[in-house]
Amino acid sequence: MSIQPATELRPSDAAPTLEVVWQDDATALVLMRAGDGELSAGELRAGMPAIADLPLAGRGIPARRLEPAQLVALAESPPEGLELGASTRAVFAVVQLARRSVAEGLVHPFLDHGDGWWHAFWGATLDEGVQTALAAIAAALPPVGAGAFAGDREATVHDLYPVLVDQIARDCLRADRVRLAPAKAGRANAIDHLLEGLTAADSVLPRHSGLAALERRLSDWVDGGLGTLTRTEWRVGLHLDEHAPLAEGEEPRLVLELWLQASDDPTLGLPASLLWGRDGDVFAFLRAGDPRRDLVRHLDELEPVLAEVGVEFDASEPSEAELGPEQVRLFLREAMPKLEERDVPVLLPASWLRSPTRVGVNLTATSAPRARSSGFLSPTEVARFDWRLAVGDTELTDEELADLAAAKEPFVRIGDRWHAVRRADVE
């Protein structure tokens, strides 16, 4: 991550700039700086109207105030026609770093007590790489961007970063409709409240007498985990995932990704692609061991099974392989059972597994041509019936019907989509 250093907000002769200044109340002030240096809310519409008092910039400035979720959305899609000012580039770099940390699992749950209430947050785990990146961003932040923190740029980015990590982690879980607390009858305990709070829109928890004791146990657990690095062997897993098409109108691409799972904790998994970039130190942060050696060794053992269905990974930096429709069929039918026998986990696209597609019958009735009536019902007067099997909304051709009947795996490709079907429905 490279951030150009800056010492102040500078007007641009080419175009107005977007400026973002983080505040100590966990909101961001967003302004537009015109070419002549004047600050205002301009045509900005995100967030709520506000009046900004900015050290080194001025008082009573019309601005827009954004909550953390709105700031993340702004970084994802900045307004057109505005250059990114130095303050904005620094803040957006923190958003990018927070996204990467959440993707790599550098988060942990924690409880915080404030304003008379308990809050459930996703805490940011600071490894060496994250701390180095934050220091570089702080050095590039202009002084006005740290005005709410008495000019302390390090304090500014270290206040912003954990807020964004919590927001992004929470939003990801909510987008995937993940529920951490198990459904159960009876009164919820402190752990239930914590788990529900980690996926809720609001961090505030219902009152419960056990939250203080849970906070102490949770803190000891986190401190103990960070203080003692467990040695483990990393085992290979495979994720078959749908990626966005390369061009509009094309079908989604199916990519087989290599993942590494800690043998002492199967829930701890990371994509093998992290090994080949500057993010590979995340493995060393989580566990002691040699993930590259483990990946190569386990992949050598699986190579004959994968080669039978035409799956090949890059020899020098194996991470993923794109599969065509026929390769997917072969992988599901031939390779997947053999991988399961070897205790190699295979994760399929969530859209396939969320709810199996029903197999139904579409029936069409048409009247046959009428002949001269003899007063009795004749065969020519009986309606003609035409029936077709359908998977979801798609009627099957005779060839697709034969493929469905012959399929051994519960996944079939109908038209341009893959479907999970119930074996009992097919029979």
(message) Could you go through Arg100 and Leu97, starting from their C-alpha distance and side-chain angles, then the distance that decides it, and tell me whether this counts as side chain to side chain contact (heavy atoms under 4.5 Å, CB included)?
(response) CA-CA 5 Å; Arg100 192 180 78 187; Leu97 180 63; 3.6 Å; yes

(request) Carefully, step by step, assess Arg216 and Asp220 under the rule salt bridge (charged side-chain N to carboxylate O under 4.0 Å, His left out). (result) CA-CA 6 Å; Arg216 292 191 293 271; Asp220 291 343; over 6 Å; no

(request) Report the C-alpha distance between His298 and Glu233 in whole Å, list the side-chain angles of each, state the deciding distance to 0.1 Å, and finish with yes or no for side chain to side chain contact (heavy atoms under 4.5 Å, CB included). (result) CA-CA 11 Å; His298 287 298; Glu233 176 187 3; 2.8 Å; yes

(message) For a salt bridge (charged side-chain N to carboxylate O under 4.0 Å, His left out) check, start with the C-alpha distance between Glu43 and Arg45, then their side-chain angles and the critical distance, and finish with the verdict.
(response) CA-CA 6 Å; Glu43 300 299 320; Arg45 292 292 178 265; 3.6 Å; yes

(message) Pair Ile61, Ile51 - check side chain to side chain contact (heavy atoms under 4.5 Å, CB included), show working.
(response) CA-CA 5 Å; Ile61 305 170; Ile51 300 298; over 6 Å; no

(message) Evaluate Trp117 against Arg207 for side chain to side chain contact (heavy atoms under 4.5 Å, CB included), listing each step before the verdict.
(response) CA-CA 7 Å; Trp117 294 88; Arg207 297 192 184 279; 3.2 Å; yes

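A donor and an acceptor atom, one from each side chain of Thr132 and Glu128, are nowhere located under 3.5 Å apart. Gln167 and Asp171 are linked by a side-chain donor-acceptor pair at a separation below 3.5 angstrom, with hydrogens and angles left out of the test. Thr199 and Arg174 share no side-chain donor-acceptor pair at under 3.5 Å. Glu320 and His243 form no side-chain donor-acceptor contact under 3.5 Å, judged by distance and modelled atom types alone. Neither side chain, Gln131 nor His158, offers a donor N or O lying under 3.5 Å from an acceptor on the other. When only modelled atom types and interatomic distance are considered, Trp118 and Asp112 share no side-chain donor-acceptor pair under 3.5 Å. Between the side chains of Ser87 and Glu19, at least one donor N or O sits under 3.5 Å from an acceptor N or O. The closest side-chain donor-acceptor pair between Ser40 and Glu38, if any, does not fall under 3.5 angstrom.
Residue Leu270 holds its CG atom at 8.5 Å from CG of Leu275, rounded to the nearest 0.5 Å. One distance of note links CD of Gln96 with CD1 of Ile137; it measures 8.0 Å at 0.5 Å rounding. Atoms CG and CZ, from Leu302 and Arg342 in turn, are 6.5 Å apart once rounded to the nearest 0.5 Å. A distance of 12.5 Å separates CZ of Arg65 from CG of Leu71, quoted to the nearest 0.5 Å. Distance check: Thr232 OG1 to Asp290 CG gives 12.0 Å after rounding to the nearest 0.5 Å. Here the straight-line distance linking atom CE of Met48 with atom CD of Glu67 works out to 9.5 Å at 0.5 Å rounding.
When all heavy atoms of Leu111 and Glu215 are compared, the pair lying nearest together is O-CG, 3.7 Å. Of all heavy-atom pairs between Ala120 and Arg170, the closest is O-NH2, 2.8 Å. Nearest approach of Ala181 to Asp192, heavy atoms of both residues: CB-O, 4.0 Å. Smallest separation of non-hydrogen atoms from Met32 and Pro16: CG-CB, 4.1 Å. In this structure, Val165 and Gly123 approach most closely via the heavy-atom pair CG1-O, 4.3 Å. Asp202 and Val204 make their closest contact through OD1-N, 3.1 Å (heavy atoms, listed as atom of the first residue, atom of the second, distance).
Ring-plane geometry between His119 and Phe121 is classed as parallel, the angle between the planes falling under 30 degrees on a 0 to 90 degree scale with a further cut at 60.
Residues Glu322 and Leu254 are not in side-chain contact: their nearest non-hydrogen atoms beyond the backbone lie 4.5 Å or more apart. Looking at Val309 and Gln327, their side chains never come closer than 4.5 Å, going by heavy atoms from C-beta outward. Looking only at side-chain heavy atoms (C-beta outward), Asp314 and Ser319 stay at 4.5 Å or farther from each other. A heavy-atom distance below 4.5 Å is not found between the side chains of Leu347 and Trp259. Side-chain contact between Val72 and Leu164 is present, with heavy atoms from C-beta onward closer than 4.5 Å. Taking 4.5 Å as the limit, some side-chain heavy atom of Leu348 sits within range of a side-chain heavy atom of Leu332. The shortest distance between side-chain heavy atoms of Leu74 and Val30 falls below 4.5 Å. By the 4.5 Å heavy-atom criterion applied to side chains, Leu44 and Leu18 are counted as neighbours.
Under the 3.5 Å distance criterion, the side-chain polar atoms of Arg33 are left unmatched by any main-chain donor or acceptor of Gly85. Asp53 places no side-chain N or O within donor-acceptor distance of the main-chain N or O of Arg59, the cut-off being under 3.5 Å. When atom types are taken as modelled, the side chain of Ser101 and the backbone of Leu106 share no donor-acceptor pair closer than 3.5 angstrom. Distance alone, capped at 3.5 Å, is enough to place a donor-acceptor pair between the Arg64 side chain and the Gly47 backbone. Looking only at distances, no side-chain donor or acceptor of Trp22 sits under 3.5 Å from a matching main-chain atom of Val91. Looking only at distances, a side-chain donor or acceptor of His208 sits under 3.5 Å from a matching main-chain atom of Gly210. Side chain of Arg179 to backbone of Glu196: no donor-acceptor contact under 3.5 angstrom is found. A donor-acceptor contact shorter than 3.5 Å links the side chain of Trp122 to the backbone of Leu198. The backbone N or O of Gly129 lies less than 3.5 Å from a partner atom in the side chain of Asp127, making a donor-acceptor pair. Put simply, the side chain of Thr156 gets close to the backbone of Asp152: a donor and an acceptor are under 3.5 Å apart.
Between Lys338 and Glu341 there is no salt bridge, since no side-chain N of the basic residue sits under 4.0 Å from a carboxylate O of the acidic one.
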